[in-house]
Amino acid sequence: VISHSGASQEPLAVIEHARWLRKVPIIAITSDPGSPIAINADQVICYNAPEEEVGKVPANASLYQVALANRLVIQTSKRLERGLEYLSSRHPGGAIGQAYRKG
């Protein structure tokens with residue numbers, strides 16, 4: 001669950017649904033470790049994005065969130081020992097898929 005403030009209603013609804021499913025671990029990515037999503041998550045990843053440059057538009061926060069999510073995917077892939085062969089056999093297509101099939 002990703003939310004800069006950690007207090008938006010939509011992510012909280014996702015957490016509520018995940019709790020209802022019971023076997024879904026919840027990872028919160030937020031800037032506020034004391035926020036409702038952080039408190040209700042199984043694991044919390046906090047970031048400290050620089051102040052936004054255009055009012056409340058979360059441009060910097062969004063970049064930090066995407067970077068953290070990408071890092072999670074990379075680290076999980078390494079931990080599960082899912083290398084290039086695994087990825088290339090499952091990539092859906094596009095330029096990356098084409099490159100894997102040629103190599």
Side-chain angles (χ1 to χ4, degrees):
V1 178
I2 301 172
S3 171
H4 181 58
S5 71
S8 300
Q9 290 305 307
E10 297 87 348
L12 289 169
V14 170
I15 288 175
E16 184 178 326
H17 187 69
R19 290 285 182 230
W20 178 77
L21 293 172
R22 297 200 176 135
K23 294 186 180 181
V24 179
I26 299 166
I27 300 170
I29 297 176
T30 183
S31 66
D32 184 357
S35 67
I37 71 164
I39 291 168
N40 288 288
D42 299 308
Q43 296 290 319
V44 181
I45 300 171
C46 289
Y47 60 89
N48 188 14
E51 188 174 321
E52 298 297 345
E53 297 177 36
V54 185
K56 293 187 181 258
V57 176
N60 290 329
S62 296
L63 289 172
Y64 275 69
Q65 292 165 352
V66 169
L68 280 169
N70 283 339
R71 197 73 209 145
L72 280 173
V73 169
I74 291 166
Q75 291 302 326
T76 301
S77 178
K78 286 180 177 181
R79 187 170 184 168
L80 296 174
E81 298 179 358
R82 304 289 197 218
L84 182 57
E85 185 177 314
Y86 180 87
L87 179 61
S88 65
S89 69
R90 287 160 177 81
H91 199 281
I96 293 172
Q98 294 281 333
Y100 281 138
R101 282 190 282 286
K102 290 178 183 175

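One is the number of the first residue; the rest follow in order along the sequence.
For Gln65 (side chain) and Ile2 (main-chain N/O), no donor-acceptor pair under 3.5 Å exists by modelled atom type. A distance-only check finds a donor-acceptor pair linking the side chain of Thr30 to the backbone of His4 [under 3.5 Å]. Asp42 contributes a side-chain N or O that, together with a main-chain N or O of Ile26, makes up a donor-acceptor pair within less than 3.5 Å.
At a threshold of 4.5 Å between side-chain heavy atoms, the hydrophobic network of Ile, Leu, Val, Met, Phe, Trp and Tyr places Val66 and Tyr64 in two separate groups. No chain of hydrophobic side-chain contacts below 4.5 Å, direct or via other Ile, Leu, Val, Met, Phe, Trp or Tyr residues, connects Val14 to Ile27.
Note that CD1 of Ile45 is 5.0 Å distant from CD1 of Ile29, once rounded to the nearest 0.5 Å. To the nearest 0.5 Å, atom CG of residue Leu12 and atom OG of residue Ser3 are 7.5 Å apart. Separating the CG atom in Leu63 from the CG atom in Leu68 is a distance of 11.0 Å, to the nearest 0.5 Å. Expressed to the nearest 0.5 Å, how far CG of Asn40 lies from OG of Ser35 amounts to 9.0 Å. Once rounded to the nearest 0.5 Å, the distance linking CD1 of Ile37 with OG of Ser5 reads 7.5 Å.
Applying the side chain to side chain donor-acceptor pair (under 3.5 Å) test to pairs two or more places apart or on separate chains, none has a residue in residues 69-80.
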Side chain to side chain contact (heavy atoms under 4.5 Å, CB included) between Glu53 and Asn60, intermediate numbers included: CA-CA 8 Å; Glu53 297 177 36; Asn60 290 329; 4.2 Å; yes

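In this structure, the side chains of Pro25 and Gln43 stay at 4.5 Å or more apart for every pair of heavy atoms.
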